[in-house]
Every structure is written in C-alpha cells, then in structure tokens.
Amino acid sequence: MTGPMIVFESLSKWYPLYHPVTAGLKRFLFGFPLAVRSLRLNRFEALRNISFSVYPGETFGIIGRNGAGKSTTLGLIAGVLSPSSGSVEVKGRVSPLLELGSGFHQELTGAENIELNGVLLGLSRRQVADRLKSIVEFSELGDYISQPIRTYSSGMLARLGFSIVAHLDPHILLIDEILAVGDLSFQKKCTETLEYFKKNGVTMVFVSHSMEDVTGLCDRVMWIEGHTVRMIGPPEQVVEAYIGSIP
Amino acid sequence: MNGTNQLSRYAELTLVLTKKEIKVRYKSYLLGYVWSIANPLAFAFVFYVVFQVVMKIQIENYVLFLICGLFPWQWFSNSVNASPATFLGNASLIKKIKFPRSSVVLATVLQDAAHFALSLPVVVVFLLAYGSSPSLTWIWGIPILMFVQLLLTFGSALFLATVNLFFRDMERLVAVIMVFVFYFTPVLYSDKMIPDKYDSLLILHPVAPLIISWRSLLLEGVVNVRYVEISFVHATAIFFVGYLVYRKLSWRFAEVL
C-alpha cells in the first residue's frame, strides 16, 4: 500500500457532558431547560486540532500524561469514536490488542475464548478453527487451554490475548500499554513478536508510559499534552523533551 | 466489505455470542435446564394456589392454561428485563472493538428464545397429563409465532439497551413498567374475561395479542389469524422504532460508556 496508513487532519474531539441527564429523572425533569443549555455549553475537549500521519510499516509511539488524550486517539483509529471536527482516515484492517480480560469471559475455556475473540476481532469461525492449533501453540498454554480462564494467572491471560492478535494478520496494530504484564520470558516473546510484525510491514501504534519501550520500539513518537500535539519526531528527542517537561 | 459479507459476519458474530450466553448460563450449574423451567413452573404453582384454590377463578384446567401463557411471557420478560444492562455490561468490548453492537442484544434475545423452545416439551407433558395432546398446527404455528415474538422482543430490547446508555433511569423504569405489562396482559386470566368496554383496547396492547395467540395455539391447536396479524403489526412497528433509535445513537456508544 502506498501513502500513509493513518491520517488525522486538524481533528478535534469533544464530548458533551451528560451529567445533567444521567444524574437522574428528578433533575432531568425539574432542571430540563438548564440541562439542555448546559449540554450545549459544557463540553469536554479530549483532542484539539490534531494532525499527524502514520506511514506503512512504521511503529508510531504516543506518549503523554494520564488524561492527555492518548486513548481517545486509539479509539478514533479503531473506529469506535468519530471525530467532532476534522477528519481521520485509516487504511486496512485495524486490530486492537485487548487489555487484560476485556474481551474474555471468565467461565469459558481458553479455546472457547479464542473463538469468541477471533470472531469479535473480525475473523470468520472457519478462519479461527484453522488457526486454533497455532494460536494454542504460540500461547504455550498446553492443556490449560481447555480450562475456564478464571483459573488462569494474569500472565497466562496476557499470553492468550497476545496469541490471538498475533494470528489476526492485522495491517494496523493498536497497542495500549500491554508489555508491562507477564513474566520476563513472556515479555521477551512479546518484544520478539512485535519485531516480527515490524519486519512483516505491520503498522503499529503504541501507547506506553515506559520510555524504555518507546525508544526501543518506535520509529517516531508523538507527545500529546493538554489535548493537543506538543511534538512529533525521533523517539530520543521527543522522550527527552517530555521527561524534561516533568517538574 | 460488501453486503453479503457483512451479513455473514453479523450472523457468525451473533451465533458465537449466543453460544457463549448459553454456555455461561449452563456451565456452573448442575441442574442448568431444570433451573430455566423451574421459574415459570414455580410461578404457575403460586398463581394456581392464589387464583384457583383461594379465589376460585372459573377457568378449566387452570394450571395448563397458566403454563401456555407463562412460558412465552417468560421469554419476553427475561429478555426485556435484561436488556438495559446489555450494552453497559459489554462496555470494554464496545470501547475497544468496532463490531455491530446490536448483535450483543440479539444474542441475549436468542438465548432466551432457545430456552423457550427447550421448555416446549414441558408444555407437552402438561397437555398429556390433562388428557389433551399437541396439534399438527404446531408445525407451522410455532415458527410463525416465534418469529413474531423475536421481532417484538429484539425491537424492545434494542430500544431499551440503547436508551439506557443515555438515560440510566431506564433500568428502574423498565422493572416498574414490566409489572404493569404483566398484569394488563391476559396471562393469569383469559381475554374473554375482560369487560366489553375495554375489549377494543386489547388490539392496541403490544404484547397481549401475541400471548393470546400463543395460548390458542398451545392449548387448542388453533392459529388465531386475527391476533397473529395484529401482533405482527405491533412487532414490526416496535422493531423499526428500536432499530431507528439504535441506528441514530450507536456511533456515540463508546463516548458515553
């Protein structure tokens, strides 16, 4: 594919503050005119006028403080949020790397969760069945795969989630702070897999608070501060400036 | 993705989610199937004692009469009561993955539909116990009524699941409204007992014509064409309202969760 995989163009995202309505029926009924007015005035700006592009095969890091707008950016790329103004364009199949347990059901076995997650993430049941064996192998869960996942340790869960995504053949992989879990050998495996994705031309967007991972993995880094882009550039420079800004 | 692809993706997603619902419901309970019919049977017993033994209601074979109305009612009421929590309960998925959200609601409704279908043998047992038997009209009557009820229940559930995200009081409201709907639907009494002056209101009731149709089918083996038609009109209207509200608001789900 030619041209950028992801293009954000002067994109802003704000949320109306719903509190007047969600606070309950009483306030909703008695404070209705006020509620309507405040709906229009009160909005929370999550991102303001953001522009950037991510190119094929690139590993693009996003750093910034909590609440700066990193997860909103990932949500916009995944297509679960839509911009309030400006535009976002994404080419190819996007796969989020699920946080621990979010797409999993405790009572189902590992294998059943693989089917559920695989289909949710866009595979057909047939495709999941074809890949099941290699997913299980990759996860190194062995016989545990037929046990309910409530018996799994957090490291085992992470292995399962990572193995599923590794078999989705995504064009764009969204990674939201995942490398912190699992034991050392698993972390090593994750890093190896990411390197493998990188070699195969998968575009990755990587949100992390670990500056070591960011400088180690990313080709370019964007620093978001106060809901807008503060800096985009080579990892070392951006990370240095970011660390320098923390009092 | 083209239309056929999207449709088959939707179907597969719904299938996998329904399978999950059913598995989860049965997995940790030894008496899984028994529990799903124990509830309507317990209600039938209580209503029998109260209305027949104590209050001497003039209906023949009252237990059988109750069961033929209570089983389809349970499907509707279980799905509707669970619906406000459906999207809320899947918040982590909705915030991360782009997939047709309505499939989660359809899966819960289908799961209750499966339980209803599985409870039909119990109706047969009661029919036989009362010296009656299932009718051949069931073969086409049951699929038609199940389709109508699926449309009605999915539409209502989709509407409530969506609205509850923006207006969380919906969950409490539904619990109250469902009490009204239950007692104003001829489940405990027959539609013939309703005073004439209210009789015309019955066709405006979104659930009553369906329950009446179920009972004439299960009890007497008769497809009550007029009531089936009326309930189909209601079901279609409610489905479209639910679907439109969902269409209009689904892009904001990830924001409000």
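If you're wondering where the values come from, they're calculated on a predicted model, not measured in any experiment. Each chain gets a letter, A, B and so on, in the order its sequence line appears, and its residues count up from 1.
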*Distance-only side-chain donor-acceptor flag, B:Ser79 / B:Asp112, under 3.5 Å*: yes
*Measure B:Leu15 against the heavy atoms of chain A and call it side chain, backbone, both or neither at under 4.5 Å.*
side chain
_Side chain / backbone / both / neither for B:Arg172 at chain A, heavy atoms under 4.5 Å_ = neither
*Would a line drawn from the ring center of B:Tyr198 to the ring center of B:His205 be shorter than 6.0 Å?*
no
*Which of residues 81-88 of chain A get closer than 4.5 angstrom to chain B, counting heavy atoms alone?*
A:Leu81, A:Ser82
*At a heavy-atom separation under 4.5 Å, does B:Lys19 approach chain A through its side chain, its backbone, both, or neither?*
side chain
*Are A:Asn117 and A:Val165 side-chain neighbours, meaning at least one heavy-atom pair lies under 4.5 Å?*
no
*Is the A:Phe138-A:His167 ring centre distance short of 6.0 angstrom?*
yes
*Would you say the ring centroid of B:Tyr243 lies under 6.0 angstrom from that of B:Phe159?*
no
_B:Phe76 and B:Trp214 aromatic centres sub-6.0 Å_ = no
_Under the rule for salt bridge (Lys or Arg N to Asp or Glu O under 4.0 Å), what residues qualify as partners of A:Lys70, not counting sequence neighbours?_
none
*Which atom pair, heavy atoms only, marks the closest approach of B:Ala208 to B:Thr185?*
CA-CG2, 3.9 Å
_Contact leader toward chain B among A:Ala46, A:Ser124, A:Ser71, where contacts are heavy-atom pairs under 4.5 Å_ = A:Ser124
